[in-house]
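Count residues from 1 along the sequence. Side chains included, hydrogens not; waters and symmetry mates left out as well; all remaining heavy atoms used.
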Amino acid sequence: MKLSFINSLQYFPSGDGGFTLEIAVFNIQSALLAEKAGANRIELCENPVDGGTTPSYGTLKTVREKISIPVFPIIRCRGGDFFYTDDEFAVMQKDVLLCKDLGFDGVVVGMLNRNAGVDKERTKRLVELAYPLDVTFHRAFDRAKNPLQSLEDIIECGCQRILTSGQVPNAFDGKELLKQLIEQADERIIIMPGSGVRSNNIKQLAAYTGAKELHSSARKNIASQMEFVNAGMEETLYNISVDEDEVRKMKLELGIGEGG
């Protein structure tokens, strides 16, 4: 299989049934739940409102100590767009090296230039710093001007996969572009659909696009466990967590066994 030899980096094998299910998590408790439910890999983030930013040192270290499946922290120093200053890029370089030092299996990056093309120079630099870790190019791809050219640029940078919804909010609605990307990639890089992927569409999405890796947050909101709530604040506090049942349903749809 061509993917086994990309840049001589490790390629994480699929679970039973030939599929890999990656779960995005935003805190330590969600990471523990995702592993318990049978996720094959975790994308580790914080700040879901911003679409995910680099976790704190404490989160990184604790997850690395407690989670045995592959974990890929996102390297994103802030929310908003994906065009970064020199100082922001310096932060991300240090975060890549930290994740490498802590023994993670991969990292997730994504940078564009002012004209919405892939920032190849900086992406290549992060791939070099991360070696021999896997590198996923995240959904900055969905903001790129030319997705087919961006695919080639990301391959040139040495990334192992692209997380994308097909340049629309929901991956199922982007299935035409996702299929085209997978065909163009021709096993030179993994195209991993994500965003809005759930048990009610994951099987159809995989079948239509030919994707072998799929990404979901399986998100659910957990009400506050506080016994007292100050009504004067006029707010509803909740914590974002992982729905274990939803993870298991997605695995069942894909035919991934419990040991996958």
At their closest point, which heavy atom of [X] faces which heavy atom of [Y], and how far apart are they?
X    : Y    : answer
V108 : F72  : CG2-CB, 3.7 Å
N40  : L21  : OD1-N, 2.8 Å
L214 : A206 : CD1-CB, 4.1 Å
G18  : K212 : O-CD, 3.6 Å
Q167 : F141 : NE2-O, 3.0 Å

Verify whether one side chain among [X] and [Y] offers a donor that lies under 3.5 Å from an acceptor in the other.
X    : Y    : result
S150 : D153 : no
Q160 : T136 : no
E35  : S68  : yes
T53  : E46  : no
R139 : S165 : yes

Legend entry - F137 six-ring face occupied by R161 cation (under 6.0 Å, within 45°): no

Legend entry - Cation over ring face, R122 and Y84, 6.0 Å, 45°: no

Keeping [X] on the side-chain end and [Y] on the backbone end, is there a donor-acceptor pair under 3.5 Å?
X    : Y    : answer
D243 : D245 : yes
R78  : D81  : yes
T59  : P55  : no

Legend entry - Validation row: V118, N113 side chains within 4.5 angstrom (heavy atoms): no

Legend entry - Charged N-O contact under 4.0 Å between K220 and E246: no

Legend entry - Ion pair check, D119 and R114, cut-off under 4.0 Å: no

Taking atom [atom1] of [X] as the centre, report whether more than 12 heavy atoms of other residues, nucleotides or ligands fall under 6.0 Å from it.
X    : atom1 : answer
E235 : CD    : yes
E65  : CD    : yes
K249 : NZ    : no

Legend entry - Residues that E152 engages under side-chain hydrogen bond (donor to acceptor under 3.5 Å, both in side chains), provided they are two or more places apart: Q184, R188

